[in-house]
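Small disclaimer: the values here were computed from a predicted structure and weren't measured. In what follows, chains are A, B, ... by sequence order, proteins preceding strands, each numbered from 1.
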2 protein chains.
Amino acid sequence: MPRASDAPRASERVHAALRDEILGGALAPGAAVPSERALAKRFGVHRQSVREALKRLEQAGLVRISHGGATRVLDWRDSGGLEILADLADAGGREPPAELARSIIEMRASIGIDAARLCVERAGEAELAEVNRLAGEAAAHVGGPVETLEERYAAMWRTVVIGSGNLAYRLAFNSLLRALPSRPEMADAVRPSEAEAIRAFGAAVRARDGGAAASCARELLAPG
Amino acid sequence: MPRASDAPRASERVHAALRDEILGGALAPGAAVPSERALAKRFGVHRQSVREALKRLEQAGLVRISHGGATRVLDWRDSGGLEILADLADAGGREPPAELARSIIEMRASIGIDAARLCVERAGEAELAEVNRLAGEAAAHVGGPVETLEERYAAMWRTVVIGSGNLAYRLAFNSLLRALPSRPEMADAVRPSEAEAIRAFGAAVRARDGGAAASCARELLAPG
DNA sequence: AAGGGATAACTGGTCCGACCAGTGTGTGCT
DNA sequence: AGCACACACTGGTCGGACCAGTTATCCCTT
């Protein structure tokens with residue numbers, strides 16, 4: 001069993017370092033990123049690896065590269081897409097923005113409740129039955145190993161979001177889900193604690209009761 | 001005045017071509033992307049340019065690159081983040097998914113209404129006044145040049161979203177906004193038509209009337 | 001003939017060094 | 001002082017080489 005090399009790839013190291021400097025504020029918006037040649041020397045890698053890292057940062061909306069001119073740092077709050085949430089949660093040893101967890105939980109609730117409503121409206125019988133089945137599965141694992149519970153619970157919501165027929169909700173769901181793993185305290189906060197609430201939600205969806213589904217969803221996602 | 005070269009960069013050409021093939025379904029999920037060397041030959045560019053394009057696709061969640069193995073196409077519906085919306089709207093001459101416009105409008109409403117509610121709750125007096133001022137500006141341009149109206153209207157919502165103190169809403173707002181330009185019919189659909197509704201919204205926010213702000217926001221974002 | 005391990009032929013990852021292509025700037029001429 | 005040009009940056013691309021991990025094949029062993 002040959003172990004995979006633990007050494008992070010060169011371009012990955014550069015990407016992570018620059019990403020953290022930008023998200024952490026060490027590289028402020030408007031500032032010029034050092035030249036590719038300078039970065040290559042600093043990190044002890046070839047310029048091509050630096051370029052790959054910068055291309056990824058540009059794709060994520062963290063920097064703007066311009067031929068001939070300097071590469072400048074953008075304000076990720078203005079130019080970043082939702083996928084940056086995962087980077088914010090992940091980034092190095094740095095503390096993520098204080099409002100990050102609350103933001104994710106609020107958005108999850110807003111989208112989840114509306115997706116439930118739309119799912120009831122638009123999804124086919126088979127999909128509604130599947131949601132109900134997955135709700136039962138998730139409910140059965142409340143109190144059990146958190147890993148299994150989280151997996152089933154996520155699968156249920158995934159089916160709801162798909163059933164809503166809303167592409168944007170589906171993509172946002174991906175972005176939100178990806179931000180959870182690196183912050184255990186956030187995963188804790190979104191984990192359901194009452195099996196009955198999950199079952200009630202599944203039943204409401206199954207019965208195509210939009211009002212009940214929405215209110216059960218609110219119960220699950222935004223208690224209190 | 002030396003004109004900027006109109007020739008798209010090599011890595012940009014490759015990126016756009018592969019992105020369109022993936023989003024258009026020509027490269028199905030699970031399929032293997034041709035090797036970097038093969039792509040370099042096909043597009044008549046250096047392998048490094050291909051790599052930069054692939055790195056961007058990986059960053060966006062469209063492919064998974066693995067050392068030694070083939071680069072495989074992912075299902076962007078499952079692995080893509082919200083920023084893909086812009087690519088879906090943009091992509092080449094291809095027709096975007098039928099539900100795209102509806103999805104964006106629905107998500108915009110869901111987030112906008114909740115952001116209005118939170119903004120009233122959390123924003124400072126200065127920010128609320130600014131929202132109201134921008135609402136007035138936008139309202140004054142209803143019926144005028146669409147470009148100016150869109151700019152002011154977007155500025156107003158931007159302030160609301162910032163005032164909501166929700167990072168996820170702010171990033172999602174960026175992603176949604178970026179998808180509009182390439183689809184004029186979508187920009188049309190989200191443009192406000194009644195100055196009075198905008199003014200009412202601004203006044204409700206200014207007065208910290210959460211209920212009124214939410215209902216005015218609903219009026220603006222999800223009429224009917 | 002079937003199983004298993006060495007190996008060859010892929011894949012992506014990195015490096016070197018060079019040159020092209022835009023920008024910006026300083027300098028010297030007018 | 002004002003302007004134009006050369007030079008010194010920046011990023012963009014190229015060619016070729018080699019390293020590293022995977023995968024499939026083929027031959028040897030059982």
Side-chain angles (χ1 to χ4, degrees), chain A residues 1-19 21-22 27-74 79, chain B residues 1-19 21-22 27-74 79:
Chain A
M1 187 176 80
R3 283 279 300 100
S5 170
D6 288 351
R9 307 258 163 252
S11 86
E12 174 59 31
R13 269 182 12 235
V14 178
H15 174 264
L18 291 177
R19 180 200 63 177
E21 285 186 28
I22 294 172
L27 277 174
V33 176
S35 76
E36 297 176 351
R37 291 169 176 86
L39 289 172
K41 183 172 292 185
R42 182 209 290 183
F43 290 101
V45 302
H46 190 261
R47 198 180 141 207
Q48 170 172 344
S49 301
V50 171
R51 282 185 61 78
E52 289 176 6
L54 288 173
K55 281 286 180 183
R56 288 180 58 190
L57 294 174
E58 184 182 38
Q59 175 73 22
L62 266 51
V63 303
R64 189 172 52 83
I65 303 175
S66 50
H67 189 177
T71 295
R72 310 208 87 91
V73 178
L74 299 177
S79 58
Chain B
M1 186 178 81
R3 284 278 299 101
S5 170
D6 287 353
R9 308 253 164 256
S11 85
E12 175 57 32
R13 268 180 17 233
V14 177
H15 174 263
L18 291 177
R19 180 200 63 177
E21 284 186 30
I22 294 172
L27 276 175
V33 176
S35 76
E36 296 176 352
R37 290 168 178 86
L39 289 172
K41 183 172 291 185
R42 184 210 287 183
F43 289 101
V45 301
H46 188 72
R47 198 181 143 206
Q48 169 172 346
S49 302
V50 172
R51 283 185 60 78
E52 289 176 7
L54 288 173
K55 281 285 181 185
R56 289 181 56 190
L57 294 173
E58 184 182 38
Q59 176 74 19
L62 266 52
V63 304
R64 189 173 52 84
I65 304 175
S66 51
H67 190 178
T71 295
R72 310 209 87 91
V73 178
L74 299 176
S79 57

Look at [X] and [N] and indicate whether a side-chain polar atom (N or O) is within less than 4.0 Å of OP1 or OP2.
| X | N | value |
| --- | --- | --- |
| B:Ser49 | D:dC14 | yes |
| B:Ser35 | C:dT11 | yes |
| B:Ser66 | C:dT11 | no |
| B:Arg47 | D:dG15 | no |

d([atom1], [X]; [atom2], [N]) in whole Å:
| X | N | atom1 | atom2 | result |
| --- | --- | --- | --- | --- |
| A:Glu36 | C:dC15 | CD | P | 14 Å |
| A:Leu57 | D:dG11 | CG | C1' | 15 Å |
| A:Arg72 | D:dC9 | CZ | P | 17 Å |
| B:Glu52 | C:dG12 | CD | P | 16 Å |
| B:Leu39 | C:dC10 | CG | P | 17 Å |
| B:Arg51 | D:dG15 | CZ | P | 17 Å |
| B:Glu12 | D:dT13 | CD | P | 10 Å |
| A:Glu58 | D:dG12 | CD | P | 8 Å |

Upstream residue (5' side of DNA chain C) when A:Gly69 and A:His46 are each assigned their closest nucleotide = A:His46
Closest of D:dC14, C:dG13, D:dG11 to the B:Ile65 side chain is C:dG13
Assess whether one donor atom and one acceptor atom, taken from the side chain of [X] and the base of [N], lie less than 3.5 Å apart.
| X | N | value |
| --- | --- | --- |
| A:His67 | D:dG11 | yes |
| B:Arg9 | D:dG11 | no |
| A:Arg37 | D:dG11 | yes |

[X] side, atom [atom1]; [Y] side, atom [atom2] - distance, nearest 0.5 Å:
| X | Y | atom1 | atom2 | result |
| --- | --- | --- | --- | --- |
| B:Glu52 | A:Gln48 | CD | CD | 7.0 Å |
| A:His67 | B:Arg9 | NE2 | CZ | 5.0 Å |
| A:Arg42 | A:Ser35 | CZ | OG | 10.0 Å |

Please figure out whether B:Ser11 or A:Ala38 has its closest DNA chain D nucleotide nearer the 5' end.
-> A:Ala38
Expected output: side-chain B:Arg13 to main-chain B:Phe43 donor-acceptor under 3.5 Å | yes
Answer with base, sugar-phosphate or nothing: what part of the nucleic acid does B:Gln48 contact at a heavy-atom distance below 4.0 Å?
-> base
If you draw a 6.0 Å radius around CZ in B:Arg47, do more than 12 non-hydrogen atoms from other residues or ligands fall strictly inside?
-> yes
